[in-house]
Amino acid sequence: MPELPEVETTRRGIAPHCEGKIVAALTVRDARLRWPVPADLPQRIEGQVLLEADRRAKYLLLRFTAGAVIVHLGMSGSLRVITDQSAPLKHDHIELSFTDGTLLRFNDPRRFGCWLWSEQPEQHPLLAALGPEPLSAEFNGPYLWRKSRGRQTPVKSFLMDNHNVVGVGNIYANEALFKAGIHPTRAAGRISAARYNQLCIHIRETLSAAILLGGTTLRDFVNSDGKPGYFAQSLLVYGRGGLPCTSCTRVLREIRMNQRTTVYCPVCQR
DNA sequence: CTACGAACCTGCCTGC
DNA sequence: TGCAGGCAGGTTCGTA
């Protein structure tokens, strides 16, 4: 479920429900996530004001005076605002309640997500080495071009490497490369500055459009199981291997790169 | 330093 | 209907 647009959608969904509120309790039903949930996490935040629900890359940062809870949704995680008194479902591993009765539930079947504590989250090993945000001014064509010089690695792998730019997951790497007309296996170091300018624009546009779509279904999303029905229609290549290219009608090709499904048009992408 | 595969998990879909 | 196999939106880690 979570690529950057959905993490941002989640952040926007929960922020108005929890910012400025006092944590009543953090209940950990299953601490076996990507890394064990620290046993002292509840005592660190109970009674404290959640100042801000922030985001860095695909990490949600629940900021408190003394530090922040670093939350990652992994492959299958979701964070929902619970408005009724429903009982926890299967895989509802963590529950964050506030003194006004607001309830956040973290559900993660595959348990690839994490809940960690850091007094200085920006310096945390998971965040310290991350590349720029794709929607920031720092991320631009010249940056990508410079960063990729001498790199033999396929451009798709290069884009999905968090050291270079964060938040470009498998779906959006496929989509942006198609829109930019760049073949996913092309060596990152052998792409011109002009084409990186185009690629950068398409990465931004694709992510921004998806965030906007997420926004339109915000209320549903927070209460949903995270199924991205609203993405499907705007996807040009992802999930369309074997179907005709929307631009030239040639059959889209599907290959595997780094164990991830990669779809491209053999005519439009070079 | 780079590059690639394995690993962490459960659920769901396909095909026999 | 059952079961094995493959695949899934992420990321780290070990090995070459």
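Naming: A, B, ... by sequence-line order, numbering from 1 per chain.
- Nearer to the 5' terminus of DNA chain B, by closest-nucleotide assignment, is the contact made by A:Pro154 (compared with the other of A:Phe112 and A:Pro154).
- Between B:dA3 and A:Arg151, a contact under 4.0 Å exists linking OP1 or OP2 to a side-chain N or O.
- In this entry the distance linking CD1 of A:Ile255 with C1' of C:dC7 reads 17 Å, nearest Å.
- Applying the 4.0 Å criterion to OP1 and OP2 of B:dG11, one finds that A:Lys90 has a side-chain N or O inside that range.
- One can place CZ of A:Arg110 at 15 Å from P of B:dA7, the figure rounded to the nearest angstrom.
- In this structure, a donor-acceptor pair under 3.5 Å is present between the side chains of A:Asn170 and A:Lys156.
- Nucleotides B:dA6 and C:dG6, compared at atom P, are 13 Å apart to the nearest Å.
- At whole-Å resolution of the value, NE2 in A:His93 and C1' in B:dC8 are 13 Å apart.
- Although no hydrogens or angles enter the test, the distance criterion places a donor-acceptor pair under 3.5 Å between the side chain of A:Thr206 and the main chain of A:His202.
- Checked by distance alone, A:Arg34 brings a side-chain donor or acceptor within 3.5 Å of a matching partner on the base of C:dT11.
- If you take CZ of A:Arg56 and C1' of C:dT11, they are 15 Å apart, rounded to a whole angstrom.
- Across all strands shown, A:Gln259 has heavy atoms under 4.0 Å from base atoms, whether or not it also approaches the sugar-phosphate.
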- Map every base of DNA chain B to its dot-bracket character, where paired means a Watson-Crick or G-U wobble contact with both distances under 3.5 Å and | marks a partner outside the strand. .|||||||.|||||||
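- Contact between the side-chain N/O atoms of A:His72 and the OP1/OP2 oxygens of C:dT11 is found at a separation under 4.0 Å.
- In this structure, CG of A:Leu4 is placed 15 Å from C1' of C:dT11, rounded to the nearest angstrom.
- Applying the 4.0 Å criterion to OP1 and OP2 of B:dC8, one finds that A:Arg111 has every side-chain N and O outside that range.
- No more than 12 heavy atoms of other residues, nucleotides or ligands sit less than 6.0 Å from atom CD of A:Gln152.
- A gap of 15 Å separates the P atoms of B:dC9 and C:dG14, to the nearest Å.
- Under a 3.5 Å cut-off, the side chain of A:Arg11 and the backbone N or O of A:Ala53 do form a donor-acceptor pair.
- Across all strands, A:Arg260 comes closer than 4.0 Å to base atoms (heavy-atom distances).
- For A:Lys58 and C:dT11, the NZ to C1' distance is 9 Å, given to the nearest whole Å.
- A:Phe158 comes within 4.0 angstrom of nothing in the nucleic acid, heavy atoms only.
- The CG atom of A:Asn258 sits 12 Å away from the P atom of B:dA6 (whole-angstrom rounding).
- Following rounding to the nearest Å, A:Asp161 (CG) and C:dG10 (C1') show an atom-to-atom distance of 13 Å.
- Using modelled atom types and a 3.5 Å distance limit, the side chains of A:Asn258 and A:Ser157 yield a donor-acceptor pair.
- Using a 30° and 60° split on the angle between ring planes, A:Tyr264 and A:His183 fall in the tilted class, from 30° to 60°.
- The main-chain N or O of A:Arg110 is found under 3.5 Å from a side-chain atom of A:Ser76 such that the two form a donor-acceptor pair.
- Residue A:Arg256 places its side chain closer to C:dC7 than to any other of B:dT10, C:dT12, C:dC7.
- Note on ring orientation: taking the six-membered ring where Trp is involved, the planes of A:Phe64 and A:Trp117 are tilted (angle from 30° to 60°).
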